[in-house]
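Nothing fancy with the numbering, it's 1 onward along the sequence.
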Amino acid sequence: MQPFSPNDYRKRVLAEVERRGGIEESDPFELYDIPLEEAESLSDAEVAARVEEVWGFWQRQRDHPKYRVLVGLLVDAHSTLSRLLLDSAVRRVQTARVREVRAQRDADRYEILDAAISRLVQRHGGVPAGKVSGLEEIGAMGGLSAAEVATRLRRHRVIEDKPVPVGVLTEQRRQQIRQLLSEWERLVDGEPTPTLFALLRVDPSKAGQSQEIRLRAEALRARSRELPPGRIRVILDELLIHIHDVLESGAATLREYLRAVAEEVANELRPKVRAAVLVEDELVGDDFRYLLDEAMRLGLDRADATRVLTDIATELGARVDNSPPAVPTASPSGAVPIPPPPPLRLWEAPLKAARAALRGGRPREAARHVEQARGLVGSDGTGRTPIRSVSDEVDRVLAEAEGRWRSATTACAGRRYAEALAHLEQLRRTASDLLPPNQVPSIDQLLAEAGQAIAEADRLVAAAQAGPADARMPGLLAAVAVCADHAGAVAALAETPVEAPPRVEATRLANGSVLVAWSPSSTNNVAYRVTRLQPDGSWRVVGRTQATELEDGAAPAVGQPVYAVAAAIAGRYSEITRSDTGPAVKPQDGPEQSPPDDPAPSGIPAVSGLAERAGLLIFTWPVGVTEVMAVVRPDQPPTTPDDPRARSWKVTNMRYEIDGGVRIPSDIPRPCHIAIASCRREPNGKLTVAAGFAATARIHWFG
């Protein structure tokens, strides 16, 4: 049994249990990180030590921003779960039971993937390399990771695809366009804007008419110039840059964007097409018309929408019948005969109702229809496969919806209403019946709460930016207090300087302590962080206060300690002012001097092991830190996270895991100096950035 690793456990166990839907879908061996294959050979003392170690970890994670709900449930269930492991006889019985449950779960998870691989092998004599990503997506529906799919593919021959030229539209730009369009759709009432064509109100079938695109773009630019300063104008200006670079720069880039839109629509519709064809073995009737409308709503014209649906169905081994229903012909007497309906098996009607409920965003209703269909399956078992397929889709939608609901309620509790709004809008589209009618709060109530908070924050930001300079900071802080993740308020605060205290004095008192006093910052409503210089050159935090003095009762008894005071507001810090020198001044000319490194600035553990690997910046995340700020300067090491001459951006541990490290933008000159500041998510949802960098969190990057 490997030593317990908190970071590894969080990524490997908590993330997987959360994805599967909670502790009901897990077992005690997984939850306490005890390998099942070693369970019978471990002594009771070894198991008890691991249980105690994991139990302590759960206790420390009860305020984790992502897993606090799951960890709370684990803490509550600890006494019940641990009893199943601490006694060797009980543990032996549980080992056999869990082994059977996991084997059955694995068989169910691999069933759809194995069927897809089998069809590809029959058609191509192997698995085309270009289909592997699609198989990974199919595997993900069953809870399989890319590594598990790769292990399953080892038994088959992978056929290499012909090389294709790299598109001119980068994935980074595509992601920026999607995010900007999504925010524009939220800020502005009107028709949906899934694509740049929709923003210009250009029919996708007329994408080749460059003159019309140019005229509409010029009209939109004129509209942008008439808008007052604010977030809407910022979003529109950025979208107009993309319109110029993508739609107006040439036919090649335009075609690349059309392909990208079709690819995104295909990725969105593939799970729905899969559910439809698994029941009927073909895409016909209401299913085809519904999915065609979905594809057109997502930005395709009718011809491209039909082509995309046909390609997906063909990829899944099904056919498409998009012909209109036949019109009955009249008999010689003039009466139109009514053809008899085709015979239906008993389970088909509730299964069709389940699929219709899924399309309508009512997964709970769909689950009831699935159970009814199961009860009508005959003794020969006919219908079990299509019922299971629809049931899996229902379970997937419900699991995703429940995860979104937890994220939305957590975000609302932390006043992160922009984050909550995205989850809630998706819930209303895909799982409107997730909660019972008398649930308080309901999805609609939280949507209204989030909308009102964002609207109020919008108003406060606009008023702050339009008002006098001395009212700017209070107005922005009021907006953040209403909506902690309001993009406009956060961006405006980042541009507003926090002035350092002009003077700091330290006086030894008769009782041996030191009184640190300072002149107030010219920035209103700030708090102050007081630090003491240690013999090893590091700075230790003495305390934080909103007053202009602080008594240090733990000061060294010998000598006169040196103190530094920084003003702080909304997680941002000023330059420090030291008691042995004048205020910290940013020179206009010449290099800036980096302040001494603190091993744990602001009391937040720092990253370590910074290195470069395959063009990525990698490091070890400290326990309890899930977000960091990357800060870059080309000329010298950054002085602070908000160094005005540096470029910075936030990185989450999830983004780090997906990319395998931190990607350094290509437009940053090489070599450059990079520092990583750890962040802490406060209980109220605010993000606190450490005031400085540890020595282990700096690197000279040569790219």
Side-chain angles (χ1 to χ4, degrees), residues 4-36 39 47-87 90-91 94-95 97-98 101-102 105 109 143 363-364 367 394-414 416 419-420 423-424 427 431 434-436 438-443 446 623-626 652-654 657 681-685:
F4 179 71
S5 171
N7 276 343
D8 179 64
Y9 178 86
R10 192 182 298 109
K11 300 172 186 176
R12 180 171 45 81
V13 178
L14 291 185
E16 179 65 15
V17 173
E18 178 87 6
R19 185 195 61 76
R20 286 204 303 264
I23 60 177
E24 296 82 4
E25 302 299 326
S26 184
D27 57 72
F29 297 96
E30 179 183 33
L31 295 175
Y32 288 100
D33 202 21
I34 297 174
L36 189 62
V47 172
R50 172 54 58 89
V51 168
E52 187 66 23
E53 195 171 18
V54 174
W55 162 247
F57 171 77
W58 291 349
Q59 295 280 15
R60 296 191 299 273
Q61 298 296 303
R62 299 187 74 164
D63 292 328
H64 192 280
K66 182 176 181 182
Y67 298 119
R68 67 180 67 178
V69 176
L70 173 60
V71 170
L73 295 173
L74 289 170
V75 170
D76 294 341
H78 169 66
S79 59
T80 302
L81 293 170
S82 60
R83 281 199 300 269
L84 301 175
L85 299 178
L86 297 176
D87 182 82
V90 177
R91 187 166 66 250
Q94 288 298 316
T95 300
R97 183 190 67 80
V98 170
V101 171
R102 289 189 183 182
R105 186 174 68 197
R109 292 164 67 214
R364 291 288 184 196
V394 171
D395 291 343
R396 184 190 68 79
V397 172
L398 281 173
E400 179 183 343
E402 288 166 358
R404 284 187 178 276
W405 175 250
R406 288 194 296 271
S407 299
T409 53
T410 301
C412 285
R416 301 192 306 277
E419 175 189 339
H423 291 301
L424 293 167
L427 280 171
L434 173 68
L435 305 174
N438 58 350
Q439 171 77 24
V440 177
S442 66
I443 294 174
L446 286 184
V623 176
V625 172
T626 60
T652 64
N653 58 351
M654 181 62 70
E657 291 177 18
R681 184 67 67 177
E682 304 292 352
N684 63 2

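Applying the side chain to side chain contact (heavy atoms under 4.5 Å, CB included) rule to A408 yields the partners H423, L424; only residues at least two apart in sequence or on another chain are considered. With sequence neighbours left out, the side-chain hydrogen bond (donor to acceptor under 3.5 Å, both in side chains) criterion links D395 to no other residue. In this structure, the side-chain hydrogen bond (donor to acceptor under 3.5 Å, both in side chains) partners of N7, at least two apart in sequence or on a different chain, are R10. Residues satisfying the side chain to side chain contact (heavy atoms under 4.5 Å, CB included) criterion with V71, sequence neighbours excluded, are L14, W58, Q61, R62, Y67, V75. For T409, the side chain to side chain contact (heavy atoms under 4.5 Å, CB included) partners at least two apart in sequence or on another chain are W405, L446. For S26, the side-chain hydrogen bond (donor to acceptor under 3.5 Å, both in side chains) criterion is met by E30, not counting sequence neighbours. Remark: E402 engages R364 in a side-chain hydrogen bond (donor to acceptor under 3.5 Å, both in side chains) (not counting sequence neighbours). Taking the ring-ring contact (aromatic ring centres under 6.0 Å, His included) definition, one finds that F57 meets it with F4, Y9, sequence neighbours left out. D8 meets the salt bridge (Lys or Arg N to Asp or Glu O under 4.0 Å) test with R12; sequence neighbours excluded. By the salt bridge (Lys or Arg N to Asp or Glu O under 4.0 Å) test, E53 is found to be paired with R50, residues two or more places apart in sequence or in another chain being considered.
With D27 as the fixed residue, the salt bridge (Lys or Arg N to Asp or Glu O under 4.0 Å) test singles out one of R102, R91, R97: R102.
Screening residues 70-83 for side chain to side chain donor-acceptor pair (under 3.5 Å) gives Y32-H78 as the qualifying pairs, with residues at least two apart or on separate chains.
You'll find the side chain of L36 reaches within 4.5 Å of the side chain of T95, heavy atoms only. In this structure the side chain of R406 never reaches within 4.5 angstrom of the side chain of L70, judged on heavy atoms.
Nearest heavy-atom pair, L85 versus P28, reported as atom, atom and distance to 0.1 Å: CD1-O, 3.7 Å.
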